Amino acid sequence: MVTTRLAALAGHFGRDIDRALLKLQALIESATNDGVDLLVLPDACLGGYISDLRRPDTEELPPALAADSPELKAVAKMAGRMTVCIGYTELCDGVRYNAATCVTGDGVLGSHRKVHQPAGESLAYAAGDSFTAFDTPVGRIGMLIDYDKTFPESARTLALDGARIIAALSAWPASITDRAARMMQDRQSRLFDLYDSARAAENQVVLVSSNQTGIQGGLRFLGQAKVVGPGGDVLARTGTKGGLAVAELDVDYEVNRARKVLRHLEERRIDTYRRMLDRGEH
């Protein structure tokens, strides 16, 4: 049995990139000492997230980085042999994206630009247009950012592309329209957990879900980082405060076991979905 140590971070990261890099240095060093093989950091680790989902201040957006920036190269160097997924604002040809990259000390393994945009996020970022899995030292991985995991097609596309681990990086806030007195009673808190378990179970994959904590402008982030098994069972989780959810398992064994009798990807009835596709409802 070959086990992999998977970790998802709940933590607060704001606008100060230099401060974030110092924090990441300590976090990654600690995870390395703890034998972590895959570390999934939150969305917007480098530069923070927008402060208002409905009406983001386009004059005070998070700082943006090129995909080959010195800052991301520094994170790769910190990673060493560990596989690290991290979120940031990408700047490419003058266009900003909510993006994630997966690195080791050898460089970039894969990247993703957030496809699905809630509320007014399109005022701050352009949308990505694809979901692609990629090979890493811990196996084949796909990445989702925030709202991407609301849509079953996102994770399903990655699973069909061979991903056995899905890294879901979030800057997911509490409800901005129906605030609850306690975080665990919040509607978005419940949905965040529900989507994590559902995406893992319906695709029979391992899902490693990170999230921001604390407050950015008018947004209060949920935390609730977790590792979910291919049956939808939560193997490790944090609360609403900062922390690391860590689980050790043989990913291939667990995924193969989940698919031994019921094989969701193979048992799809694509012929019955054709009517929806013919109507253009992809």
Side-chain angles (χ1 to χ4, degrees), residues 8-29 31 38-53 56-80 82-118 120-132 134 136 141-148 167-173 210-214 216-217 219 221:
L9 180 73
H12 176 66
F13 295 87
R15 292 281 190 267
D16 192 329
I17 291 180
D18 290 336
R19 183 177 181 182
L21 288 171
L22 289 173
K23 186 174 183 177
L24 289 171
Q25 179 74 60
L27 285 166
I28 292 174
E29 183 177 336
L38 171 66
L39 174 61
V40 178
L41 299 166
D43 178 34
C45 252
L46 296 178
Y49 190 54
I50 55 178
S51 300
D52 189 322
L53 267 179
D57 185 347
T58 55
E59 299 299 318
E60 295 187 12
L61 293 175
L65 304 170
D68 60 351
S69 67
E71 292 85 355
L72 287 167
K73 289 179 179 178
V75 174
K77 184 177 180 181
M78 294 175 199
M82 189 190 307
T83 301
V84 176
C85 299
I86 184 170
Y88 70 107
T89 296
E90 179 189 356
L91 184 64
C92 180
D93 296 328
V95 180
R96 302 166 63 93
Y97 299 92
N98 190 344
T101 189
C102 183
V103 299
T104 67
D106 292 330
V108 175
L109 304 174
S111 60
H112 175 60
R113 291 170 174 168
K114 182 176 177 180
V115 172
H116 299 96
Q117 298 180 305
E121 194 182 80
S122 61
L123 299 174
Y125 303 105
D129 59 9
S130 65
F131 295 95
T132 306
F134 50 91
T136 78
I141 287 181
M143 294 190 291
L144 303 174
I145 298 176
D146 299 315
Y147 200 43
D148 282 338
L169 296 79
S170 292
W172 194 294
S210 61
N211 197 17
Q212 290 261 8
T213 61
Q216 177 78 54
L219 303 179
F221 297 108

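For clarity, every value in this text was computed on a predicted model and none was experimentally measured.
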Rounded to the nearest 0.5 Å, what separation is found between the CG atom of Leu72 and the NZ atom of Lys77?
15.0 Å
Measuring only between side-chain heavy atoms, which start at C-beta, is Thr104 closer than 4.5 Å to Leu109?
yes
Show the nearest heavy-atom pair for residues Thr89 and Gly48, with the distance to one decimal.
OG1-O, 4.5 Å
Closest non-hydrogen contact found for Pro42 with Leu9 is CG-O, 3.6 Å
Shortest non-hydrogen contact from Cys92 to Tyr97?
CB-CE1, 4.3 Å
When you compare the side chain of Arg15 with that of Pro62, does any pair of heavy atoms fall below 4.5 Å?
yes
Minimum heavy-atom distance between Ile50 and Gln216, given as atom pair plus value:
O-CG, 3.9 Å
Would you mind reporting whether Met143 and Cys85 have side-chain heavy atoms less than 4.5 Å apart?
yes
Separation between CG of Leu38 and CD1 of Ile141, rounded to the nearest 0.5 Å:
4.5 Å
Nearest heavy-atom approach of Gly47 to Pro63 is O-CD, 3.5 Å
Begin from the C-alpha positions of Leu21 and Met78 and carry the test side chain to side chain contact (heavy atoms under 4.5 Å, CB included) through to its verdict.
CA-CA 10 Å; Leu21 288 171; Met78 294 175 199; 4.1 Å; yes
Answer yes or no: is there a side-chain heavy-atom contact under 4.5 Å between Leu46 and Leu65?
yes
Compare all side-chain heavy atoms of Ile17 with those of Tyr88 and state whether any distance is below 4.5 angstrom.
no
Here the gap from Ser210 atom OG to Leu169 atom CG, rounded to the nearest 0.5 Å, amounts to 4.0 Å
Distance in Å, His112 NE2 paired with Ser130 OG, rounded so as to fall on 0.5 Å steps:
7.5 Å
Over 60° means perpendicular and under 30° means parallel, so classify the ring planes of Tyr49 and Phe221, tilted if in between.
perpendicular
NE2 on His12 to CD on Gln212, rounded to 0.5 Å
7.0 Å
Provide the closest heavy-atom pair for Ala76 versus Val103 in the form atom of the first, atom of the second, distance.
CA-CG2, 3.7 Å
Taking the side chain from Asp43 and the backbone from Ile145, do they hold a donor-acceptor pair closer than 3.5 Å?
no
Measure the shortest side-chain to side-chain distance between Ser111 and Glu90 over non-hydrogen atoms and say whether it is less than 4.5 angstrom.
no
Applying salt bridge (charged side-chain N to carboxylate O under 4.0 Å, His left out), name anything that partners Glu121, two or more places apart in sequence or on another chain.
Lys114
Hey, can you tell me if His116 and Phe131 have their rings parallel, tilted or perpendicular (30° and 60° cut-offs)?
parallel
Output the distance between atom OG1 (Thr101) and atom CD1 (Ile86), rounded to the nearest 0.5 Å.
9.0 Å
